[in-house]
Structures are given as C-alpha cells and as structure tokens.
Amino acid sequence: MTEENPSRRAFIATGAAAVALTAVSSPIAQSKPLVLTPQCVDDDDTPSNIEGPYFKRNSPERTNLRTAGVTGVVLSLTGFVYTLKCQPISHALLDFWQADDKGAYDNSSPAYKMRGHQFTNASGAYVLETVVPKDYPGRTPHIHVKVQAPHGPILTTQLFFPDNLKAYGMNVAALNRRDRFIDRDCEVALGPLVGNRYTAKFDFVIDT
Ligand SMILES: [Fe+2]
C-alpha cells in the first residue's frame, strides 16, 4: 500500500459524510437535486488555459510526485472531477505537470520528474501529493493539468495559488498581479501551512 491511501480514505469519508448531512438536514432535499459541493455549479465549467511549452506525453501513472530527490514545501492537493451537472466522474484522467521548488521543469527522459497522471476513484475523487511549484521568469506559481472524462474532450488548464501562499521567499501577491495567464477561477482553496505542508482543494467541472 502507498502512503497516500490513508488521506485518500479520510477525504472520501469526509465527502460522503457531507453529502449524507445535506440529505438529512434539508427538508427540501427530496424535491431538489442534491448539491454535492459548493465548488460545483451547474454548467459552470472549469476554464481552460494555455498548455505552455513543457507538456510531455506518456507521464507515469502516479499520485505522488515527491519522488527521490524532490525537495520543497509539501502540497497535498485533493478534490473531485464533476460533470457539468455536478455528478462525480469516476475514472476521469488527470495528467499533472509542474515546475519544481527552483522553478524548473524536468524535460529529460525518462525521468518525468514532477509529472504524473492518475484516474479518479469510484467517487470521482483524486489525490495529488507534490510540492509547491516555484515561480519562473514571467510566471506566477502554477500547476498544469489536463483533465478528461472517459471518452470525453480534454480540458487543458492551470491551477493557481492565493496571494498568501508562503514558499521559497516568493511574493505571490505581486507575482499573481503580474501574471498574464492567471485565472482566479482556477485558484486552489489553500489550508494553513502546518510544518512544511500545505493542504489544498480544487474541484474540476468538465464536459463529458
Ligand atoms: Fe508552466
């Protein structure tokens, strides 16, 4: 078993509890579609963004990008992939790639450092264990991702961080302000920094 399994189970359990609570506590739940998450609004799909020059095909399948030699501020990113009608999508593909803690992409082969693809579980959930990417010239810190429902169109986009992110001495507020491609609709919900670890959440809403 891998080390991310406990957090994955905990996260899914929390999500299930939240759904159950909504169903029980709302008297109108029976007459209205169940709202699975505040992050998903009908037909409010996740915006696309540029692929950029550093995408590589055939990334390894893995949920943990903290492979040997990877250093930096740890980031545990979790979330769901939903349809435009806010139904969770199982076995959706997520292919992540990002810069490391020095703002560099690994373009060598077959290393594929800081690159990996995975599939959502039966609940539509994903878990990515990685590190906060550093900025690089012209760009604020961001994580690239392609998301695809089985047999659906590919969404290519980027995830961003709130201005209060603290890592590597970056002035994220200033970097965000100057970035040409930033999209605040693709900003992760960032938890507090605990030790050397951030947790963050982001739900994707995609066409199927
Ligand atoms: Fe990039």
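One-based numbering, in listed order, for ligands and for the atoms of each. Here the structure is a predicted model, which means the values were calculated and not measured.
Residues Y105 and W97 keep their aromatic ring centres 6.0 Å or farther apart.
In this structure, the side chain of Q118 engages the main chain of V127 through a donor-acceptor pair within 3.5 Å. Of the possible polar contacts, one joining the Y168 side chain to the V73 backbone as a donor-acceptor pair under 3.5 Å is found.
Rounding to the nearest 0.5 Å gives a distance of 11.5 Å between CZ of F161 and CZ of F202. To the nearest 0.5 Å, the span separating CG on D183 from CD1 on I50 amounts to 12.0 Å.
Under 2.8 Å from the Fe ion (ligand 1), one finds the following protein N/O/S atoms: Y105 OH, Y136 OH, H142 NE2, H144 NE2.
Using cut-offs of 30° and 60° for the angle between ring planes, the F119 and H91 rings count as parallel.
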